[in-house]
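Naming convention: chains lettered A, B, ... in sequence-line order (proteins, then strands); numbering from 1 in each chain. The figures that follow rest on heavy atoms only: side chains count, while hydrogens, waters and symmetry mates do not.
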2 protein chains.
Amino acid sequence: MSKRGDNNKCDNKDLLAVRDALEVLNGKWKLQILIAVLNGTKRFKEIAKEVDGISDRMLSKELKELEMNELVKRKVIDAFPPIVEYSATPHTKSLHPVVDALKTWGYLHRKKIIGGVKTETGNAG
Amino acid sequence: MSKRGDNNKCDNKDLLAVRDALEVLNGKWKLQILIAVLNGTKRFKEIAKEVDGISDRMLSKELKELEMNELVKRKVIDAFPPIVEYSATPHTKSLHPVVDALKTWGYLHRKKIIGGVKTETGNAG
DNA sequence: GTAAGCACTATACAAAAGGTAAGTAATGAG
DNA sequence: CTCATTACTTACCTTTTGTATAGTGCTTAC
């Protein structure tokens, strides 16, 4: 009866919530873009630099989806070579626990698996 | 030293950690499978039922990758129609904060965006 | 006029992820 | 023998993602 006190279990509704989150945050780039923007308002090229490896095409696409979900705010400044600034919204900021948990787990995982991996070629099965 | 107190910012190393986590957890299904297993040891078909929509092909594939990363433990019981049990490991359990953050944010997002969306076809006034 | 820079957009094509359907091995029910 | 069951594997197809290249509109620098 005490579902509230037990956050280590997921019922069906919880599963749905995770699916919703995953749908918005899925893919290789979205979280990384969000982190860049969470660290401060940035222009297109600046995000591209921070999210190393992403192409203009992908960044443009992801930014649009993120905007639709109110996870970035786009501001066009009417200047000579165009200036477009992307910034975090309150909704983006609500992602901090997710980013933080992922970050913490990333370090943990690196220690446990990546750092202590048996050589790919040397395991006798 | 001061980094400890400020978990709202990500430096380059933190970014890398998030990328590591994303690499292991990426895709539509991994977290959902992990949640199913975190809720208790289960057989192949049981996971398939809980992670609604996944195909045998995908489940098999994902389970393998998860096993390689020590996120599920596979136990074969030598019985007549095969019995294979998948269970959580200590490493899986370390994912609880991630799952929990994602779950919480999923609810939040549903309220904010999915629940309060303007109708796609009928927003003319 | 030519070149460079910004924030995109468009096109073509390759690669990866995901979906669907069918097949495999072993065994008990009919 | 056929059907059903379990845990997968295989083949084929579509969608998404990634790479490379070129172009738009505007302005400064040469």
Side-chain angles (χ1 to χ4, degrees), chain A residues 15-16 18-37 40-69 71-88 125, chain B residues 15 18-37 40-69 71-88:
Chain A
L15 217 294
L16 257 298
V18 174
R19 288 176 87 130
D20 286 342
L22 250 31
E23 223 166 274
V24 182
L25 268 18
N26 74 14
K28 198 174 172 181
W29 305 115
K30 296 232 175 65
L31 254 326
Q32 293 182 66
I33 294 170
L34 256 13
I35 290 171
V37 172
T41 297
K42 289 193 177 55
R43 301 174 64 173
F44 190 90
K45 280 287 174 194
E46 288 176 311
I47 299 174
K49 244 172 269 171
E50 198 161 325
V51 181
D52 198 56
I54 198 171
S55 64
D56 282 5
R57 180 182 177 280
M58 274 297 121
L59 183 52
S60 178
K61 202 181 204 166
E62 304 287 63
L63 245 12
K64 258 179 216 164
E65 291 181 44
L66 258 14
E67 216 194 324
M68 290 193 334
N69 284 305
L71 287 170
V72 295
K73 198 182 152 200
R74 187 170 178 270
K75 185 183 176 190
V76 182
I77 296 168
D78 189 22
F80 81 103
I83 296 176
V84 183
E85 286 181 350
Y86 295 92
S87 53
Chain B
L15 217 293
V18 174
R19 288 177 86 132
D20 285 342
L22 252 30
E23 224 165 274
V24 181
L25 269 16
N26 72 16
K28 198 174 173 179
W29 303 115
K30 297 230 174 68
L31 255 323
Q32 294 183 65
I33 295 170
L34 257 11
I35 290 171
V37 172
T41 295
K42 288 190 179 58
R43 300 174 65 173
F44 190 89
K45 280 286 174 196
E46 290 177 311
I47 300 174
K49 245 170 269 169
E50 198 160 325
V51 181
D52 197 58
I54 197 170
S55 63
D56 283 6
R57 179 185 177 278
M58 274 296 124
L59 183 53
S60 177
K61 202 181 202 169
E62 304 287 64
L63 245 11
K64 255 180 218 163
E65 290 180 45
L66 259 14
E67 216 194 327
M68 290 193 335
N69 284 304
L71 287 171
V72 294
K73 198 182 152 198
R74 186 172 178 270
K75 184 183 177 188
V76 181
I77 296 168
D78 190 19
F80 84 103
I83 296 176
V84 183
E85 286 180 351
Y86 294 92
S87 53

Return the nearest nucleotide to the side chain of [X]; candidates are [options].
X	options	answer
B:D56	D:dT5, D:dT19, D:dC8	D:dC8
A:M58	C:dT20, D:dA7, D:dT17	D:dT17
A:V84	D:dC8, C:dC8, C:dT20	C:dC8

Item checked: Backbone N/O of B:A36 and side chain of B:K42: donor-acceptor pair under 3.5 Å -> yes
Note to self: Would the distance check show the side chain of B:R74 and the main-chain N or O of B:S87 forming a donor-acceptor pair, the cut-off being under 3.5 Å?
What the structure shows: no
Item checked: B:K42 NZ to D:dC8 C1', straight-line distance once rounded to whole Å -> 20 Å
Note to self: Please report the distance, rounded to the nearest Å, between CD in B:E46 and P in D:dT5.
What the structure shows: 15 Å
Notebook entry, point to check: Is B:R43 touching bases, backbone alone, or none of the nucleic acid, heavy atoms closer than 4.0 Å?
Noted result: sugar-phosphate
Next item on the list: Could you check whether B:G27 gets within reach of a base, just the sugar-phosphate, or nothing at all, counting any heavy atom under 4.0 Å?
Entry: sugar-phosphate
Anything under 3.5 Å between a donor and an acceptor, one on a side chain of residues 51-60 of chain A, the other on a protein residue two or more places apart or in another chain? List them.
{"unit_1": "A:S55", "atom_1": "OG", "unit_2": "A:M58", "atom_2": "N", "d": "3.4"}

Checklist line | Residue whose nearest DNA chain D nucleotide is more 5′ - B:R74 or A:G53 | finding: B:R74
Item checked: Near-strand residues of residues 59-66 of chain B, defined as heavy-atom separation under 4.0 angstrom from DNA chain C -> none
